[in-house]
Amino acid sequence: MVISLEKPGPDGLNEAVEALREWQSEGVAWQLHPGDLGWYWRKGAAATAEAVRIWRRDGRILAVGFLDGADLLRLTTAPDVRRDEELARRVAEDVAAPERGVLPAGQVSVEAPMDALLQDVLPGHGWHVDEEEPWTPLSLDLTEPVKAPDLRIETVGPDLAAAWADVIGAAFGGSTFTAETWRTMSGGAPFADGRCLLGYDDRGDAVAAVAVWSAGPGRPGLLEPMGVHRDQRGHGYGRAITVAAAAALQELGSSSAAVNTPSSNVGAVTTYKSGGFQPWPETRDLTRDAS
């Protein structure tokens with residue numbers, strides 16, 4: 001059967017999210033997670049659908065791609081077609097041709113599992129490994145109990161949405177996240193398996209925030225995003241909210257907690273390690289330079 005490329009539209013997002021849930025498993029290379037779509041959902045269902053691409057054969061979803069910005073496609077596949085030659089060549093052709101509506105002309109990048117055949121196929125189409133911006137995946141095994149964090153933690157609902165938004169805004173420069181944005185995000189399909197947490201210091205001030213995304217019982221969960229208020233750094237709040245995130249994922253049935261951060265962000269990597277997360281081998285995108 002011929003492999004087709006499609007944009008799902010808002011009504012088709014649930015199918016893409018469900019496929020990503022089913023594909024998560026322990027011991028495999030870092031890959032796109034339903035929580036990645038969940039965090040992006042803050043922009044609304046229509047914008048999220050516009051950023052998603054699906055490759056399908058005989059009605060079955062084989063691969064899901066997510067445009068995390070105009071020039072970066074993050075992609076993963078069903079486990080049994082990771083080395084499927086027909087799929088790898090079709091995806092390579094689609095990302096190389098701007099008229100197919102995946103990536104534009106010019107310098108662009110693709111993130112794919114390191115064991116995917118696409119990693120071998122794309123370099124033959126003029127792509128190369130990006131050596132300048134490696135990423136560090138980290139994970140924490142949740143089969144053992146997680147120690148309670150040394151920080152008061154509240155689960156965020158509509159009443160705490162503004163406070164969560166304030167901390168996220170103060171943690172990331174240029175953030176425009178608001179309580180309304182949180183309500184939009186929490187209405188998305190991935191948030192059915194998600195949770196937002198807010199950490200408070202001894203004075204009762206909100207100092208750290210995190211969102212966690214389960215992919216279902218027995219599967220890896222994701223932290224995205226995690227931030228500490230810019231005026232409250234250096235007190236261990238990042239480690240504490242990271243541990244709280246892991247505990248929340250454990251309650252949701254996740255087998256592990258995972259996070260991916262630029263290797264150049266040494267502070268973030270150190271924070272996750274201090275919370276018990278173990279680093280995996282660095283990953284690198286495939287890049288096509290501007291012609």
Side-chain angles (χ1 to χ4, degrees), residues 33-44 48 138-140 142 145-188 190-214 221-254 256-262 265-277:
H33 191 279
D36 292 307
L37 269 61
W39 173 231
Y40 196 84
W41 214 294
R42 69 194 185 276
K43 300 183 180 182
T48 304
L138 303 100
S139 67
L140 175 65
L142 296 179
V146 176
K147 183 180 178 181
D150 186 21
L151 195 67
R152 179 167 70 86
I153 303 295
E154 297 289 346
T155 300
V156 176
D159 57 326
L160 291 177
W164 196 87
D166 287 346
V167 174
I168 289 295
F172 299 99
S175 172
T176 58
F177 202 93
T178 65
E180 184 58 35
T181 309
W182 184 91
R183 284 187 282 272
T184 299
M185 180 183 74
S186 64
F191 201 78
D193 293 324
R195 188 177 294 177
C196 290
L197 306 177
L198 198 56
Y200 293 83
D201 65 11
D202 293 339
R203 298 178 300 178
D205 295 329
V207 294
V210 69
V212 298
W213 309 89
S214 168
L222 177 71
L223 282 68
E224 175 65 24
M226 184 279 288
V228 176
H229 194 291
R230 59 176 172 267
D231 297 332
Q232 301 290 346
R233 291 170 182 161
H235 303 292
Y237 298 142
R239 180 196 61 79
I241 197 73
T242 296
V243 172
L249 284 172
Q250 190 171 63
E251 290 177 10
L252 290 166
S254 298
S256 65
V259 66
N260 198 24
T261 189
N265 191 344
V266 177
V269 174
T270 300
T271 294
Y272 292 123
K273 286 182 177 179
S274 72
F277 283 64

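Quick caveat: nothing in here was measured; it's all calculated off a predicted structure.
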Under the side-chain contact (heavy atoms from CB on, under 4.5 Å) rule, collect the residues that match up with V243, sequence neighbours excluded. V146, P149, R239

State, yes or no, whether a side-chain contact exists between H235 and D201 at a heavy-atom distance under 4.5 Å. no

Min side-chain heavy-atom separation W41-S186 under 4.5 Å: no

Has D150 got more than 12 heavy atoms of other residues, nucleotides or ligands less than 6.0 Å from its CG? no

Excluding sequence neighbours, so at least two apart, what forms side chain to side chain donor-acceptor pair (under 3.5 Å) with R152? E154

Any idea which heavy atoms bring W39 and I168 closest together, and the distance? CH2-CG2, 4.5 Å

Smallest heavy-atom separation, P262 atom then V269 atom, equals O-CG2, 4.2 Å

What's the separation between atom CG in L223 and atom CG in L138, rounded to the nearest 0.5 Å? 10.5 Å

With rounding to the nearest 0.5 Å, note down the distance linking CH2 in W213 to CG in L222. 9.0 Å

side-chain contact (heavy atoms from CB on, under 4.5 Å), that's the test. Do V210 and T242 meet it? Break it down for me. CA-CA 8 Å; V210 69; T242 296; over 6 Å; no

Taking only residues two or more places apart in sequence or in another chain, which ones pass side-chain contact (heavy atoms from CB on, under 4.5 Å) with A170? H229, R230

Is D202 atom CG crowded by more than 12 heavy atoms from other residues, nucleotides or ligands, each under 6.0 Å away? no

State which residues pass salt bridge (Lys or Arg N to Asp or Glu O under 4.0 Å) with D166; sequence neighbours excluded, sorted by chain then number. none

Specify the closest pair of heavy atoms between G227 and V167, including all atoms of both residues, with the distance to one decimal. O-CG1, 4.1 Å

Taking all non-hydrogen atoms of both residues, which atom of M185 and which atom of F191 are closest, and how far apart? O-CB, 3.8 Å

Not counting sequence neighbours, which residues clear side chain to side chain donor-acceptor pair (under 3.5 Å) with T271? List them please. none

Rounded to the nearest 0.5 angstrom, the CG-NZ distance for L140 and K273 is 14.0 Å

Determine whether a donor-acceptor pair (N or O, by modelled atom type, separation under 3.5 Å) exists between the side chain of W164 and the backbone of L197. yes

Side chain R195, main chain S214, donor-acceptor under 3.5 Å: no

Is there a donor-acceptor contact under 3.5 Å from the side chain of D193 to the main chain of P190? no

side-chain contact (heavy atoms from CB on, under 4.5 Å) with A208: which residues, sequence neighbours excluded? V228, Y237, I241

Mind checking whether Y272 and F277 have parallel, tilted or perpendicular rings, split at 30° and 60°? tilted

Between A165 and F177, which heavy-atom pair has the shortest distance, and what is it? CB-CD2, 3.5 Å

What distance separates T48 OG1 from R42 CZ, expressed to the nearest 0.5 Å? 9.0 Å

Nearest heavy-atom approach of I153 to G199 is CD1-CA, 3.9 Å

